[in-house]
Amino acid sequence: MLYLWIGISGLINLVVSLVSGIVVYFQNTQSQVNRTFLLFCFTIALWSAGYFFPFVQDSASNSLLSFRLLHIGAVFIPVANLHFVLALLGGIECHKKILILGYLLSIFFACFSFSPYFIEGLKSVESFRYWAEPGMLYPVWLAFYALYFCYSFYLLLEARQSNRGKDLPFINTLLVGEIITSIFGATNFFHFYDINIPPVVNTFASLQVLIYSAAIGAYRLGNLEVAFLSSIKNAVSIFGALGVALLGAWYLIYWHGWAVEGWVWVYITGLFFASHLVQEGSRLIPFDRVFRLMSFTNLKRGVERIKNRDDFYHSLEELQHELKSVFVGELYYSDARIVPLSALPLQPYAALREELTHHRETLVYSELLHKQADQQTVYPYTEGVGRLGEAVLPLYRGEQLIGVLVMGDKPHQGAYTKEEIDLLESLSLHLGLSLSVLLYNEDLRHQVKVKTEELQRANERLKEIDAAKSSFLSVASHELRTPMTIIKGYSDFLLSGKFGQLSDQQRDFLQKIYGSTDSLIKLVNNILDISKIEAGKMEFSYTRFPLEPFLSRIEGDYALACEQRGIGFTLVRSEGLPLTVYTDAEKIELVLRNLIGNAMKFTPAGGQITLEVYAEQEQLHWVVEDTGIGIPPEEVPRLFEKFRQVRNYLQKEHKGSGLGLSIVQKILRSMHGDITATSIEGKGSTFTCHIPYNEDVVKKR
């Protein structure tokens, strides 16, 4: 009787582990947890298959072969168990070396399982005629077995200590499975060392598999009770089918002696059992037709997954994909999608839109057909529901209808229950909010796109106007400069007295004409310069020239000009100046003319202007410092804007174009340099120019 019980236990473990592993695997074939669980179940099944045969064989050679076969599965159980635990805990990467070592050792032991080093032979133990006698490697494998199971147990205890959240239930479940394996699994080894404790609790290996199935359910659903309920339901179904098969076989074999017919009965019953597992091709939906609870549990899981998403949907397409993935891909509904109200044209959906606008209720096509048949009436919106799908749930933003959730046929074309409709309606409230936000964002993106296009068109128009302005200024400046130069020349001739003596009044008038003409010529030149720079047409002539003669000329020119105004001028040459520089001398002189000219304009008689030149980091630095009226702090950041004139009550008599500093900055930046300014109102200003002078540096830039 003990032989029969252990043999039946092996068969039960074989079927339960294979069925559980395959069912869980096809729940989500991409899940690492599901794949490692299938691997663990396969090792249990291989071990169980070996345990079935030693106790139904009456041959020493067959029994020895069976013992060797069952150990091929057994040697992989501890590492497969650790692999599964690490997958659930998310620790595979951190323990990859331990797993690789475990699989290599398991392969090593499996290779020796057919040698006397692992199983030396057979012996007789208590009630068993044949039992394996361990070889010299067997204790080493037992140590490996215990070590890996203990390490799995340690990791679970550590995870339990560090986790007090929603993951705690499935960690506790795994601990229960490990305890069962440790206590009941140990009974398999006592007979190997002549201890009279038979392996009569092998059947509990199935319980461990089912507990692990429940752990996976808790891992997905966050609901351990539901997971256990699903596992118990599967267990009852599996054991029920096996019970019918084995009772029938026992009756035929032991009461009638029909051995062949008995095993045929087991085979036929197994096929019938498998037909309940395999639905719609290769999709495994265990007992949906018998246990409606499992179908509802799956639906609830899918709804909760959508509602509890961590981040918000970025687009309607992403939301549609999520619905398809859950309802069509996992729950096998024929369709699931959101249809915005804009996608429901008045024809043929006018009646449906009217009905959903005034009544917040779910419309199920098959129910509407039954109601029409029973009440001998026609609902005008029934055709619209049928065109969309099996069930239509309205989506609202406040009181406004914004779309519908369309659900297709359930698996096996089952009817929608009240519980399922309630669950889907709770989902529709969530989807209504999501759709509302997505439509708002879409409308906002459309408005931004329209405004952006308008701004782009306006910007292009401004560019055209600016180009036309620059062209006009360039042409106008050229046309103005020639007559201004002529007027200035004639005025100069008249003032020279070569055409006769002038009265004081005539001389005064001519001097005013000459001065105004000179100012106009300077303005025209500035406009031409800045137009060329902005158009990218200003030419730069880089040459290598000695620095000292250039500085001496600058010093001589401006020292005399400042002296005429009663202003002191000093040029400071710092140590380490290069003998020669590579730059555009004409542009440097233009920059200095603007800066020193401004300093002279805003520095009263008795003041001081200093030009300091020093070299640092392959650059020449030109510092123009004055003791003039200074600049208000709020005006300093805007000094280099075009047509910008500093507002200072002390310099109302000083007029200018407001282009000089802008020209200076643009020239320096075109030469890979720059300018900065500091000022204290009432005490003076400092302008510092930086410009490279090394030929190699200039050419690289």
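Every heavy atom of this structure was used, including side-chain atoms; hydrogens, water molecules and symmetry mates were not.
Between the side chains of His358 and Glu354, a donor-acceptor pair is found at a separation under 3.5 Å. Remark: the Tyr396 side chain and the Gln400 side chain contain no N/O donor-acceptor pair separated by less than 3.5 Å.
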**Asked** Are Leu105 and Leu101 close enough, and set up right, to give a side-chain contact (heavy atoms from CB on, under 4.5 Å), and what steps lead you there?
**Response** CA-CA 6 Å; Leu105 289 174; Leu101 176 62; 4.0 Å; yes
**Residue pair Arg337, Met407: steps toward the side-chain contact (heavy atoms from CB on, under 4.5 Å) verdict** = CA-CA 7 Å; Arg337 69 186 191 279; Met407 300 297 301; over 6 Å; no
**Asked** Could you go step by step and tell me if Glu460 and Lys463 meet the side-chain contact (heavy atoms from CB on, under 4.5 Å) rule?
**Response** CA-CA 5 Å; Glu460 292 298 325; Lys463 288 180 179 179; 4.1 Å; yes
**Request:** With side-chain contact (heavy atoms from CB on, under 4.5 Å) as the test, would you mind laying out the steps for Glu330 and Asn298 before giving the verdict?
**Result:** CA-CA 9 Å; Glu330 297 180 12; Asn298 288 337; over 6 Å; no
**Request:** Might you work through the ring-ring contact (aromatic ring centres under 6.0 Å, His included) test for Phe149 and Phe153, ending with a clear yes or no?
**Result:** CA-CA 6 Å; Phe149 261 105; Phe153 192 80; 10.0 Å; no
**Request:** Kindly indicate, with the supporting measurements, whether the criterion salt bridge (charged side-chain N to carboxylate O under 4.0 Å, His left out) is fulfilled by Arg309 and Glu318.
**Result:** CA-CA 12 Å; Arg309 177 186 167 102; Glu318 185 182 8; 2.5 Å; yes
**Asked** Can you list the steps and then say if Lys96 with Glu93 is a salt bridge (charged side-chain N to carboxylate O under 4.0 Å, His left out)?
**Response** CA-CA 5 Å; Lys96 185 177 291 186; Glu93 287 298 321; 3.3 Å; yes
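Note that OG of Ser152 is 11.0 Å distant from CG of Leu157, once rounded to the nearest 0.5 Å. Note that CG of Leu363 and CD of Glu355 are 6.0 Å apart. Values are rounded to the nearest 0.5 Å. Rounding to the nearest 0.5 angstrom, the gap separating the CG atom in Leu299 from the CD atom in Glu420 is 5.5 Å. The structure places CD of Glu361 at 10.5 Å from CG of Leu393, a figure rounded to the nearest 0.5 Å. Annotation: the span from Thr43 atom OG1 to Ile72 atom CD1 amounts to 13.0 Å, rounded to 0.5 Å. Of the inter-residue distances, the one linking Leu356 atom CG with Thr362 atom OG1 reads 9.0 Å to the nearest 0.5 angstrom.
Side-chain contact check for Tyr365 versus Thr382: some heavy-atom pair is nearer than 4.5 Å. With contacts defined as side-chain heavy-atom distances shorter than 4.5 Å, the pair Leu431/Leu427 qualifies. Side-chain contact check for Ile306 versus Tyr313: some heavy-atom pair is nearer than 4.5 Å. Inter-residue side-chain proximity for Ile421 and Val364 is flagged as met; some heavy-atom pair is nearer than 4.5 Å. Counting heavy atoms from C-beta outward, His314 and Leu319 have side chains that stay 4.5 Å or more apart. Between Leu405 and Val392, the closest side-chain pair of non-hydrogen atoms is not below 4.5 Å. Between Leu147 and Cys150 there is no side-chain heavy-atom pair separated by less than 4.5 Å. Annotation: side chain of Arg457 is not in contact with side chain of Asn459 (no heavy-atom distance under 4.5 Å).
Annotation: side-chain hydrogen bond (donor to acceptor under 3.5 Å, both in side chains) contacts of Glu383 (sequence neighbours excluded): Arg387. Every residue meeting the ring-ring contact (aromatic ring centres under 6.0 Å, His included) condition with Tyr148, not counting sequence neighbours, appears here in chain and number order: Phe144. Partners of Phe108 by ring-ring contact (aromatic ring centres under 6.0 Å, His included), not counting sequence neighbours, listed by chain and number: Phe112.
Listed here is the closest heavy atom pair of Leu401 and Leu395: CD1-O, 3.5 Å. Of all heavy-atom pairs between Pro78 and Val75, the closest is CD-O, 3.7 Å. In plain terms, the two heavy atoms of Ile402 and Gly432 that are nearest each other are CD1-O, 3.6 Å. The shortest non-hydrogen separation linking Ser106 to Val79 is OG-CG1, 3.5 Å. Counting all heavy atoms, side chain and backbone alike, Pro340 lies closest to Leu316 at CG-CD2, 3.7 Å. In terms of heavy-atom proximity, Phe76 sits nearest to Ala110 at CE1-CB, 3.9 Å.
Side chain of Arg353 to backbone of Leu344: a donor-acceptor contact under 3.5 angstrom is found. The closest donor-acceptor contact from the side chain of Ser325 to the backbone of His321 lies at 3.5 Å or more, if one exists at all. Put simply, the side chain of Thr452 gets close to the backbone of Val448: a donor and an acceptor are under 3.5 Å apart. Using a distance-only test at 3.5 Å, with no hydrogens or angles considered, a donor-acceptor pair links the side chain of His95 to the main chain of Gly91. Between the side chain of Ser434 and the backbone N or O of His430 there is at least one donor-acceptor pair closer than 3.5 Å. With hydrogens and angles disregarded, a donor-acceptor distance shorter than 3.5 Å links the side chain of Gln320 to the backbone of Ile338. Distance alone, capped at 3.5 Å, is enough to place a donor-acceptor pair between the Ser428 side chain and the Glu425 backbone.
Between Asp443 and Arg445 there is no salt bridge, since no side-chain N of the basic residue sits under 4.0 Å from a carboxylate O of the acidic one. Using a cut-off of 4.0 Å between Lys/Arg side-chain N and Asp/Glu carboxylate O, Glu399 and Arg360 are scored as salt-bridged. The residues Lys410 and Glu390 are annotated as not salt-bridged, no charged nitrogen and carboxylate oxygen being separated by less than 4.0 angstrom.
Under the 30°/60° scheme for interplanar angles, the aromatic rings of Phe327 and Tyr333 are found to stand perpendicular.
Annotation: Tyr103, atom OH; neighbour count of heavy atoms from other residues, nucleotides and ligands within 6.0 Å is above 12.
Cation-pi geometry between Arg35 and Phe37 is not met at under 6.0 angstrom from the ring centre and within 45 degrees of the axis.
Of the residues listed (Leu323, Leu388, Val385), the one engaging Val406 in a side-chain contact (heavy atoms from CB on, under 4.5 Å) is Leu388, and it is the only one.
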